There are 2 protein chains.
Amino acid sequence: MHKYKDIGFALTPQRIAILEYLDGNKGHPSADEIYKAILGTLPTMSLATVYTTLAALNKRGKLRMLTIDPEKRRYDPDIADHSHMICISCKRIIDLDGDAHYALPEALVKDFSVLTCSIELTGLCPNCKQQERASTEEDQYVR
Amino acid sequence: MHKYKDIGFALTPQRIAILEYLDGNKGHPSADEIYKAILGTLPTMSLATVYTTLAALNKRGKLRMLTIDPEKRRYDPDIADHSHMICISCKRIIDLDGDAHYALPEALVKDFSVLTCSIELTGLCPNCKQQERASTEEDQYVR
DNA sequence: ATTAATGCAAACACTTTGCAATGGA
DNA sequence: TCCATTGCAAAGTGTTTGCATTAAT
C-alpha cells in the first residue's frame, strides 16, 4: 500500500481520500466538488482540510490549480503542460491534450522564468452549441 | 466629443471615466484599481458601478475579463486574441503580443464554438527573478 | 513523544444584488 | 417624462485562518 508515500507530507485518511479521488480524474473538480464526493465515505471530512491539502499538493508540484473558470478554482492532477477549453454555458473544462501547439518567444525564455504554459480557450461545447438557448443575456465572454 | 457613443448604453460621467481610464490601458487593472483611480476625480464613484459597467462592457464585447490572476479578475480593453504571462510574485500581467503562436486542432473548430483563445503563462518576471526571495514558502504554482 | 493535521467557526476578499434616489435620453 | 443608472448597504460565494483537539510518524 501507499503509492503516495513520496509526496512529502503525512498520509492521513483525509489526504489519501483526496489523492484517490483525484488520481486520473479528468473532471477538473472544484474544492467543493472534491469535498462533497468524499463526504459519503469519510463523513468527518471538512472543506478546510480539502483546501489545505490542495494547497500542500500544489506547493509540492503534484497538482495544477486552474484559473480558467472565473467562478471558482478548479484542480487538475495532470501536471504536464496542457491546454484547456471551458464551455461558458455548462462550465465543463475539456482537455485539449497534445493537439494544440505553441512556440514561446525567445526573449521570454531568456528574461523570464516560465513555470507553466497552456492554451486557454473559451467557447461552447457541442452539447451547449446545439441548445444555444436565448441565454445571451447573462453570457460572459471571459478571457 | 463622445467617441464612445456606439457602445449601446447610456453615457454617464461614471462610465465615461471608466472608459477613459481603460482606453489604451496595458496594466490589466482589477475592478478595485479602476475604482480607486477614478475616485480622485469623481468622488461619488462606487465600486458597484465599476462592476456593473465592466459587466456591461464585457457583454457588449468591448472588454476582456481575464482569469489568469487567481486572486481577482483583471480587465483588458484589448479585445483581440492575445496572450498573457502573470508573474506569480508581483502579480503583474504582461502582454505577449503576437510573439507566440498556436494552431487550433481541426476537430475543435468543427464541434465547438470557440469564442476566445489565448496562451497563458505563469512564471517570474525579470525583476522578481533576480530578487528570488526565499518566499518559496507561499508560492503558488498556478496553472 | 513530538509535531503536524483536522475540523469547526469566524474572518476575509471579491463580486453581486435590492432598492430608493437620481439623472440621461 | 420615463426608464436606465447610480450608490449604498447588505448579502452571497469562494477561500483562508486561529485554535483547541486529534492522530501520524
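Residue numbers start from 1 in every chain, and the chains themselves are labelled A, B, ... in the order their sequence lines are given, proteins ahead of strands. These values consider heavy atoms only, across backbone and side chains, with no hydrogens, waters or symmetry-generated copies. Model, not experiment: these values are computed from the prediction.
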*Asks:* Taking salt bridge (charged side-chain N to carboxylate O under 4.0 Å, His left out) as the criterion, tell me which of Asp78(B), Asp81(B), Asp76(B) meets it with Arg64(B).
*Replies:*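 Going through Asp78(B), Asp81(B), Asp76(B) one by one, the salt bridge (charged side-chain N to carboxylate O under 4.0 Å, His left out) with Arg64(B) is satisfied by Asp81(B) alone.
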*Asks:* Give every pair of a protein N or O atom and an N or O atom of nucleotides 10-15 of chain C that lie under 3.5 Å apart, one pair per line with the distance.
*Replies:*
unit_1  : atom_1 : unit_2   : atom_2 : d
dC14(C) : OP1    : Lys72(B) : NZ     : 3.4
dT15(C) : OP1    : Arg73(B) : N      : 2.8
dT15(C) : OP2    : Tyr51(B) : OH     : 2.2
dT15(C) : O5'    : Tyr51(B) : OH     : 3.1

*Asks:* Does a sphere of radius 6.0 Å around CZ in Arg92(A) hold more than 12 heavy atoms from other residues, nucleotides or ligands, not counting ones at 6.0 Å or beyond?
*Replies:* no
*Asks:* Please determine, by modelled atom types, if Ser83(A) and Ser118(A) share a side-chain donor-acceptor pair under 3.5 angstrom.
*Replies:* no
*Asks:* Which of these nucleotides, dA5(C), dG24(C), dG7(D), is closest to any side-chain atom of Ala10(B)?
*Replies:* dG24(C)
*Asks:* Tell me if a side-chain donor or acceptor on Asn58(B) pairs with a main-chain N or O of Leu54(B) at a distance below 3.5 Å.
*Replies:*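 The answer is no, because no donor-acceptor pair under 3.5 Å joins these two groups.
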*Asks:* Report yes or no: is the cationic atom of Arg15(A) (NZ for Lys, CZ for Arg) under 6.0 Å from the centre of the six-membered ring of Phe9(A), at an angle within 45° of the ring normal?
*Replies:* yes
*Asks:* Considering just the side-chain nitrogens and oxygens of Ser46(B), establish if one lies under 4.0 Å of OP1 or OP2 belonging to dT6(D).
*Replies:*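 Negative; the distance criterion is not met.
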*Asks:* Between dG7(D) atom C1' and Ile18(B) atom CD1, what is the distance in whole Å?
*Replies:* 13 Å
*Asks:* If I take atom CG in residue Leu57(B) and atom P in nucleotide dA4(D), what distance separates them, rounded to the nearest angstrom?
*Replies:*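 In whole Å, dA4(D) P lies 18 Å from Leu57(B) CG.
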*Asks:* Looking only at atom types and distance, does a side-chain atom of Arg60(A) sit under 3.5 Å from a main-chain N or O of Ala56(A), one as donor and one as acceptor?
*Replies:* yes
*Asks:* How many whole angstroms separate atom CG of Leu54(A) from atom P of dG14(D)?
*Replies:* 15 Å
*Asks:* Which pairs pass ring-ring contact (aromatic ring centres under 6.0 Å, His included) with one or both residues in residues 64-83 of chain A, sequence neighbours excluded?
*Replies:* His82(A)-His84(A)
*Asks:* What is the separation between atom CD1 on Ile7(B) and atom P on dA25(C), rounded to the nearest whole Å?
*Replies:*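 Answer to the nearest Å: 12 Å.
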*Asks:* Between Lys3(A) and Asp23(A), is the salt bridge (Lys or Arg N to Asp or Glu O under 4.0 Å) condition met? List the steps.
*Replies:* CA-CA 11 Å; Lys3(A) 46 193 288 199; Asp23(A) 192 40; 3.1 Å; yes
*Asks:* Does OP1 or OP2 of dG24(C) have a side-chain N or O of Thr12(B) closer than 4.0 Å?
*Replies:*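 No, outside the criterion.
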*Asks:* Roughly what angle, to 10°, lies between the helix axis at the start of the helix from dA1(C)-dT25(D) to dA25(C)-dT1(D) and the one at its end, five pairs per end?
*Replies:*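 Between the first-five-pair axis and the last-five-pair axis there is 40°.
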*Asks:* How many whole angstroms separate atom CG of Leu11(A) from atom P of dT22(D)?
*Replies:*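 The answer, rounded to whole Å, is 22 Å.
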*Asks:* State whether Thr44(B) places a side-chain N or O below 4.0 Å from either non-bridging phosphate oxygen (OP1 or OP2) of dG7(D).
*Replies:* yes
*Asks:* Roughly, in whole Å, what's the span from CD1 in Ile38(B) to C1' in dG7(D)?
*Replies:*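 Rounded to the whole Å, the gap is 15 Å.
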*Asks:* In whole angstrom, give the distance that lies between atom CD of Glu33(A) and atom C1' of dT13(D).
*Replies:* 15 Å
*Asks:* For the backbone of Met65(A) and the side chain of Arg73(A), can you confirm whether one donor and one acceptor N or O come within less than 3.5 Å of each other?
*Replies:*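 Checking the backbone N and O of Met65(A) against the side chain of Arg73(A), no donor-acceptor pair under 3.5 Å is found.
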*Asks:* For Pro13(A), which contact category applies under a 4.0 Å heavy-atom criterion: base, sugar-phosphate, or nothing?
*Replies:* sugar-phosphate
*Asks:* I would like to know whether Thr49(A) and Thr52(A) meet side-chain hydrogen bond (donor to acceptor under 3.5 Å, both in side chains); could you show each step before the answer?
*Replies:* CA-CA 5 Å; Thr49(A) 298; Thr52(A) 56; 5.0 Å; no
*Asks:* Strictly below 4.0 Å: does Arg15(B) bring a side-chain N or O up to OP1 or OP2 of dT6(D)?
*Replies:*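 Answer is yes, contact under 4.0 Å.
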*Asks:* OP1 or OP2 of dG23(C) less than 4.0 angstrom from a side-chain nitrogen or oxygen of Gln14(B), does that happen here?
*Replies:*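 Indeed not, no polar side-chain atom of Gln14(B) lies that close.
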*Asks:* Given that Met45(B) and Ala48(A) both sit by DNA chain D, which one's nearest nucleotide is further toward the 5' end?
*Replies:* Met45(B)
*Asks:* Take atom CD1 of Ile16(B) and atom P of dG23(C), then tell me their distance rounded to the nearest Å.
*Replies:* 15 Å
